[in-house]
Structure formats: C-alpha cells, structure tokens
> 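Structure incoming, see below.
Computation of the quantities below employed the complete heavy-atom set of this structure, encompassing side-chain atoms and omitting hydrogens, waters and symmetry-equivalent molecules.
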Amino acid sequence: SGILDRGSAPSTPATPLSPLLPSSDGAGDGSGVRIGAYALLRELGRGGMGAVWLAERADGQFHRRVALKIIRSGPYSLDMHRRFLAERQILATLDHPNIARLLDGGFTEEGRPYLVMEYVEGLPIDVHCDRHRLGVDARLRLFHTVAMTVQHAHRNLIVHRDLKPSNILVTPEGTPKLLDFGVAKILGPGAALGVPPTATGRVPMTPEYASPEQVLSLIHISEPTRPY
C-alpha cells in the first residue's frame, strides 16, 4: 500500500491527545506530552495543518532535541491528512544539506500523523541579513544557496509553493535551511514518492509572496512559479 494508506495508523485503543495539546485557538499547554519516543517541550509555531513543537527524545536511548510537527487537534479533512503524509514523504525524498532533514515519523495512539525533523535554530533569512548587516555580496551568496536548494527540489519534481523568509532559516553558522513543505506540489506521476500528484483547485499560498498565477488560482503551477 502507498503512503496515503490510512490503514497504516495504529489500531490500538486511543489515548486522547486533544485535551493535552493546545487547541486550534492556541489555548492550553502541551509541554510534557509524550508522542512516540519524544516529549514535547514548547510550541515553536502553528500553521493551517498543525503545530510544530520543540521536543526531545525521551526513551533513554540517546538525547537529541528535534522539531516535531503534528496535525492539528479536532476534526480535519481527508485532504489535510493526505497532504500531511505527502509532506512527510517529500522530506524523506529530499536529501539535501540545506533542507531540514526528516528523522522520524508515525501516528499517535489516536491515529494522528506526526513527523520529526532536525531542529533548526536560526533566524528568518531577511532578519539574519539585516541583523548582521550583510552586504550585497553576502546576501547574494545566501540567495544563490537557496536557489540551488530549490532547484534540487525541482529536479525531484517538487514545487515548494510557499517560499518566504519565515520558511528559510539561517543558522548561527550562516547556513540557510529550507523548511515547511506542507503545501508543496508534486509534479507528474507520484509513483516514486508513493503519492499522487497534488490535486488542482484552490491553491494554498502566502499572498505577500505568491506568484501572479497563484493569486489568480490558475491550475498550472510549475517550476517557473518559484523564481518569482
């Protein structure tokens, strides 16, 4: 069965996470909650599909801090479920030093998918450039690295569709890391990834950084959309 097979979720009796994890309005505190081998520490961010938490391995095997993304509490659509699993498979496919690496993934006891990524401690690329007062040459070197990273995704028939400063963090060492493939589009047949091509229709986007064809909700979104 493919990555979208819902049957891969555990069938054991659920231990509800919804009362423990913050609700969709941000109320509550999920710190200390255990998901798989990881204990949640604090929330790092929240988006349309779910929340990203700083977590640490808590099974006694070894110590490591990670970023754990879990689909949001409450009802969610089958499309959102598929998109979350597609993001997980996309990250597993894109092995690149400037893309946050997938480390683990699974389902909670109540059947909610999650993924575990390397924790990137850094600043959004625009904030990094301004705070360190980078000159034009240094900014262009960063820009070139990001462009080559995006090209790597394109070679794997993946279009990010939500490139913006908050999704490109720069580490204290000056290494840019591309994050959040939650609304990425898979071009062509998805057999190699185990998922079908992204459905057409409403186009997820951040309006301030979207290309004209995204804003106009045009069906054909491909590699040329990204240079914009």
Side-chain angles (χ1 to χ4, degrees), residues 1-10 14-15 17-18 20-22 24 30-31 33-59 61-74 76-122 149 152-153 156 158-163 166-169 177-186 190 192-196 198 204:
S1 59
I3 189 68
L4 297 183
D5 187 355
R6 179 70 169 140
S8 57
T15 301
L17 283 173
S18 301
L20 300 174
L21 292 177
S24 58
S31 59
V33 171
R34 180 81 173 261
I35 297 179
Y38 304 90
L40 303 185
L41 299 177
R42 62 180 171 87
E43 186 175 313
L44 297 173
R46 182 177 292 271
M49 282 202 299
V52 180
W53 285 75
L54 176 64
E56 65 182 0
R57 186 143 185 145
D59 61 356
Q61 297 299 311
F62 55 87
H63 179 265
R64 182 173 194 169
R65 289 200 166 187
V66 299
L68 187 148
K69 182 175 182 178
I70 184 168
I71 204 165
R72 70 186 187 191
S73 299
Y76 58 90
S77 67
L78 179 60
D79 179 69
M80 182 179 293
H81 180 88
R82 287 175 171 170
R83 193 175 292 280
F84 193 96
L85 296 188
E87 178 184 8
R88 196 165 69 181
Q89 185 58 54
I90 285 170
L91 288 173
T93 303
L94 294 177
D95 184 12
H96 191 279
N98 298 106
I99 295 176
R101 289 181 295 121
L102 179 72
L103 303 175
D104 200 355
F107 290 88
T108 68
E109 291 185 354
E110 63 174 7
R112 294 186 181 277
Y114 67 90
L115 58 87
V116 181
M117 302 168 287
E118 68 170 307
Y119 171 52
V120 179
E121 190 169 1
T149 305
H152 173 78
N156 286 273
I158 294 166
V159 180
H160 189 283
R161 292 205 299 186
D162 199 22
L163 289 176
S166 61
N167 281 340
I168 306 168
L169 298 186
K177 292 276 189 175
L178 182 56
L179 312 174
D180 197 354
F181 283 78
V183 299
K185 180 176 181 179
I186 302 169
L193 294 178
V195 295
T198 304

> What closest approach, in Å, do Arg88 and Gly105 show between heavy atoms, and which atom pair accounts for it?
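Result for this residue pair: NH1-C, 3.9 Å.
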> Would you compute the distance between atom CG of Asn98 and atom CG of Leu178 and round it to the nearest 0.5 angstrom?
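Between Asn98 CG and Leu178 CG, I get 8.5 Å after rounding to 0.5 Å.
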> So, for Leu44 and Ala67, which heavy atoms are closest and what is the spacing to 0.1 Å?
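Residues Leu44 and Ala67, closest heavy atoms: CD1-CB, 4.4 Å.
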> Could you check whether any side-chain heavy atom of Ile99 comes within less than 4.5 Å of a side-chain heavy atom of His152, counting everything from C-beta outward?
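Sidechains of His152 and Ile99: in contact.
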> So do Asp59 and Arg34 actually touch side chain to side chain, heavy atoms under 4.5 Å?
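Yes, their side chains come closer than 4.5 Å.
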> Can you check whether Asp95's main-chain N or O pairs, donor with acceptor, with Arg101's side chain at less than 3.5 Å?
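Looks like no, no N/O pair under 3.5 Å.
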> Do Val33 and Trp53 have side chains that get closer than 4.5 Å, going by heavy atoms?
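SC-SC contact between Val33 and Trp53 ruled out.
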> Rounded to the nearest 0.5 Å, how far apart are CG of Leu179 and CD1 of Ile168?
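So the gap between those two atoms works out to 8.5 Å.
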> Which value, rounded to the nearest 0.5 Å, describes the distance between Asp104 atom CG and Ile35 atom CD1?
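Taking CG in Asp104 and CD1 in Ile35, the distance rounds to 11.5 Å.
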> Just verifying a value: how many Å separate Ile70 CD1 and Thr108 OG1, rounded to the nearest 0.5 Å?
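One finds 5.5 Å between CD1 of Ile70 and OG1 of Thr108.
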> I want to check something: taking the side chain as every heavy atom from C-beta on, are Ile71 and Phe107 in contact at a cut-off of under 4.5 Å?
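The answer is no, as the side chains (C-beta and beyond) never meet within the 4.5 Å cut-off.
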> Once rounded to the nearest 0.5 Å, what's the spacing between atom NE2 of His81 and atom CZ of Arg112?
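It comes to 11.0 Å.
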> Applying side chain to side chain contact (heavy atoms under 4.5 Å, CB included), can you list everything that pairs with Val66, at least two apart in sequence or on another chain?
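In terms of side chain to side chain contact (heavy atoms under 4.5 Å, CB included), with neighbours along the sequence ignored, Val66 is linked to Tyr38, Ala55, Arg64, Leu103, Val116.
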> State whether the side chain of Arg82 and the backbone N or O of Phe84 hold a donor-acceptor pair below 3.5 Å, judged by distance alone.
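No; judged by distance alone, with no hydrogens or angles, the pair does not exist.
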> Which heavy-atom pair separates Ala100 from Leu91 by the least distance, and what is that distance?
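So the minimum-distance heavy-atom pair works out to O-CD2, 3.8 Å.
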> Taking Lys177 first and then Glu118, would you say they form a salt bridge - that is, a charged N and a carboxylate O separated by under 4.0 Å?
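Salt bridge present between Lys177 and Glu118.
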